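Report on one structure; see the data block that follows.
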Amino acid sequence: SDAPLDGNASFVTKLNGTEEASEGKRAMASSQDTEDDLEFHDFELSSCWTDLSQMKSCRMSRSRQASFDSGDALQESSTTEDPDETASIATPRADSLWVQVLAAGARMKAWWQRCIIHPYAAGRATWDFVSLCMVLYDMITMPLQFFELPDTVFGEIMVWLTRLFWTVDVPATFLTGYVDENGTIRLQAARIARRYLTTWFALDIILVLVDWTELFLLHGSLLVSYGRLGKSSRMLRIVRMVRLLRMARMQQILRVITFRIQSERLIIVANIVKVLFMMVGSAHFIACFWYAIANEQEVSWLTDAQFANFAVGHKYLVSLHWAIAQFAGGMDEVRPHSFPERFYAVSVFLMTFLMASAAISGLTSSMTRLHILSSKKTLQLSVLRRFLRQNGVCDALAMRVQRNAMHAMSEHDRLMSEDSVELFALVSEPLRVELHFEMYAPVFAVHPFFDFYIDQYPQVMHKVCHLAASTVLFSNGDVIFSDGEIPVKPMMFIVCNGTTCYSTGDGGTTEILRAKDWIAEAVIWTTWMHRGSFRAQSDGRVCALDAREFQAITQRFDHPGFRPAQYGDAYVRELNKTQRRLDETLTDLALEKEEDILLEATRQERKTRSAPLALDRVTKNFGSQRGLQFDAPLQKPAKLARRGSVLFA
């Protein structure tokens, strides 16, 4: 009887032990669940990126299978080819002169293409300004040769400078791109050469030949033969006057320089100065020819007793005074004495009458536009003050509203919105895409991921800048987003100018953000709730990136070398690591390891692809600073020329 009792006791003991073990497991599980509830839940990559990654992985596997099938087919076909035919095809023709000529031509064309200068480059702007100065110098000095001024060292130096400058300008024009009628920048060498040969080349080469012919006449044997006849000075004068044909290019140069001016006020002032300069320049030409006609006559205004003993400079001022007076009806102090002088005076009077009418009309129009620009702001501010006063707005709030309005108007003058430009409706869609890329690409380039993305896939960033980017103005005290807010329209922000402040709800983190700082990047890669408040501490503006529009645009393009989802996955993993650290608080600020995230994403991408990825720029900028090395050599990406955005100004 003791044996069964002991067996039952052992059975009960085992049962109790099993129950205790199960209770212990349940207690451990419940404690683990409690611990999990206390911890933060991990962030997950947005479904749009995961779906895109799966779709492209499937597409990549299909392309690999197709390449393997094509490789097998090629191998099979190569085994069935005729050996004699294969040998004849593989035989090199190194002795062919035609092949060598084609290779040399291709190398020359490639070298020419590398030397092409952008029409809006800073160096080209300096060259255009110098060419304008050279044209103005010829326009001033060439008519003055009628006064038979003595030769000076400065004159000889300028003659050689202008001669060499216009000689170098001919090949320089072959290496400069241009903007066609549609606004497209053409940088193809063949197009540039064809356009120049059919427009200004003939005139430029004739003028360059004239410049060097003058040198031959001065120092060659032809000068000796004509000098004995006393005709060399007249011949040189005629040859030099041909340089005035360069004035035909003056309008083109002025148009190129005017396109670089962004301020409307400055454009109006430039138009006023241009009108005044045209009047003075015309008077200069009229005065010089007036003196030349009188100098050829036996009886003229120069033979009067009051002008006979004047110096050359005084005679020029008298001629210039007479020419300027023709715009206002003439003068009685200087009068024509011969038939040529009288005929010239009548012709000049009719011409200056028309020129004065056009000049006065242009000046009046420009001054009216300048006055309208100045009075428009005053009228708008007056209407705003009247509205605030009639509605009983307190002084503190009224002051903030007026300051914000004044800031918005100043920003509008410097960076006008597209809605206020009526001509944008007539501009083609591709040109507007290029315009937005020019505006926003330098702003996004401050971020490591977007800087790399612009270099690798500029066609995608063109669409992103056109459809997903916008500029938001803010004034002191404005709240851009608040703590605990789940954005209805998720936006990532890059500060362009001004000062902003980010602070968490518990007050543990406070950060000042200035130009080229970004915030709320997480909305692009995961579902996000803002962890703090983002407000303005001064007037300024930010560039906003619509996260959903960016995701939609990215999904419409193939990415054979780099997938944004790979970077997003690495970003989310780093976000989860930051969340698990007890000494760090999760915020909307930029992570400290943005560059490392990009490097990790590109490493993961290389492991899943057989083709090498062009990451030399990333390695140079970030990897070398952290001692990171890639196993395989990396290709150097094509350099995308970008200038600093005016949004940062």
Side-chain angles (χ1 to χ4, degrees), residues 40 43 45-46 49 439-454 461 464-465 468-551 564 567-568 570-579 581 584-598 645 647-648:
F40 292 100
F43 292 95
L45 191 66
S46 297
W49 297 115
M439 292 169 53
Y440 294 110
V443 179
F444 289 123
V446 303
H447 191 285
F449 165 74
F450 288 104
D451 187 29
F452 178 72
Y453 201 43
I454 289 171
M461 286 304 298
V464 171
C465 295
S470 60
T471 303
V472 179
L473 299 177
F474 58 82
S475 59
N476 188 9
D478 289 350
V479 178
I480 301 176
F481 60 75
S482 302
D483 183 22
E485 176 184 354
I486 300 177
V488 179
K489 190 175 182 181
M491 291 279 191
M492 172 188 172
F493 300 99
I494 301 177
V495 181
C496 296
N497 68 357
T499 304
T500 57
C501 178
Y502 175 81
S503 59
T504 56
D506 55 0
T509 302
T510 301
E511 188 77 17
I512 300 298
L513 281 76
R514 294 182 174 86
K516 300 185 180 181
D517 292 333
W518 63 86
I519 193 172
E521 181 188 356
V523 299
I524 300 178
W525 312 111
T526 186
T527 303
W528 184 255
M529 179 183 68
H530 291 303
R531 262 60 178 179
S533 298
F534 184 43
R535 67 175 61 243
Q537 288 190 340
S538 67
D539 297 337
R541 61 183 175 276
V542 294
C543 176
L545 175 64
D546 190 334
R548 292 174 181 171
E549 193 67 34
F550 175 75
Q551 296 166 0
Y567 172 84
Y571 182 90
V572 171
R573 288 200 304 271
E574 184 63 29
L575 206 63
N576 292 326
K577 292 179 183 178
T578 304
Q579 181 180 224
R581 299 190 188 103
E584 293 189 20
T585 304
L586 204 60
T587 65
D588 297 272
L589 299 172
L591 298 179
E592 296 181 355
K593 300 181 179 181
E594 296 280 355
E595 297 89 353
D596 294 337
I597 295 173
L598 179 59
S645 176
L647 294 176
F648 286 130

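The shown structure was predicted, so the numbers you read here are calculated from the model rather than taken from an experiment.
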* Intermediate values then yes/no, side chain to side chain contact (heavy atoms under 4.5 Å, CB included), Phe481 and Ile519 -> CA-CA 11 Å; Phe481 60 75; Ile519 193 172; 3.9 Å; yes

Between [X] and [Y], is there a donor-acceptor pair closer than 3.5 Å when you use the side chain of the first and the backbone of the second?
{"X": "Glu549", "Y": "Val464", "result": "no"}
{"X": "Ser538", "Y": "Thr499", "result": "yes"}
{"X": "Asp539", "Y": "Gly498", "result": "no"}
{"X": "Thr500", "Y": "Leu513", "result": "yes"}
{"X": "Tyr502", "Y": "Asp588", "result": "yes"}

* Do the ring planes of Phe493 and Phe534 sit parallel (below 30°), tilted (30 to 60°) or perpendicular (above 60°)? -> tilted

* Asked: Parallel under 30°, tilted from 30 to 60°, perpendicular over 60°: which one fits the rings of Trp518 and His447?
  -> tilted

* Could you grab the distance from atom OH of Tyr571 to atom CG of Asn576, nearest 0.5 Å is fine? => 11.0 Å

* If every non-hydrogen atom of Val446 is compared with every non-hydrogen atom of Val443, which pair is closest and at what distance? -> CG2-O, 3.0 Å

* **Over all atoms of both residues, closest heavy-atom pair of Ala520 and His530** => CB-CE1, 4.0 Å

* Min side-chain heavy-atom separation Asp546-Ser470 under 4.5 Å -> no

* How about Cys501 and Ile512: do any of their side-chain heavy atoms sit closer than 4.5 Å? -> yes

* Evaluation steps, side chain to side chain contact (heavy atoms under 4.5 Å, CB included), between Val495 and Arg514 -> CA-CA 6 Å; Val495 181; Arg514 294 182 174 86; 5.5 Å; no

* **side chain to side chain contact (heavy atoms under 4.5 Å, CB included) assessment of Glu511 paired with Asp517** => CA-CA 11 Å; Glu511 188 77 17; Asp517 292 333; over 6 Å; no

* Ile494 and Leu545: side chain to side chain contact (heavy atoms under 4.5 Å, CB included), yes or no, with the steps? -> CA-CA 8 Å; Ile494 301 177; Leu545 175 64; over 6 Å; no

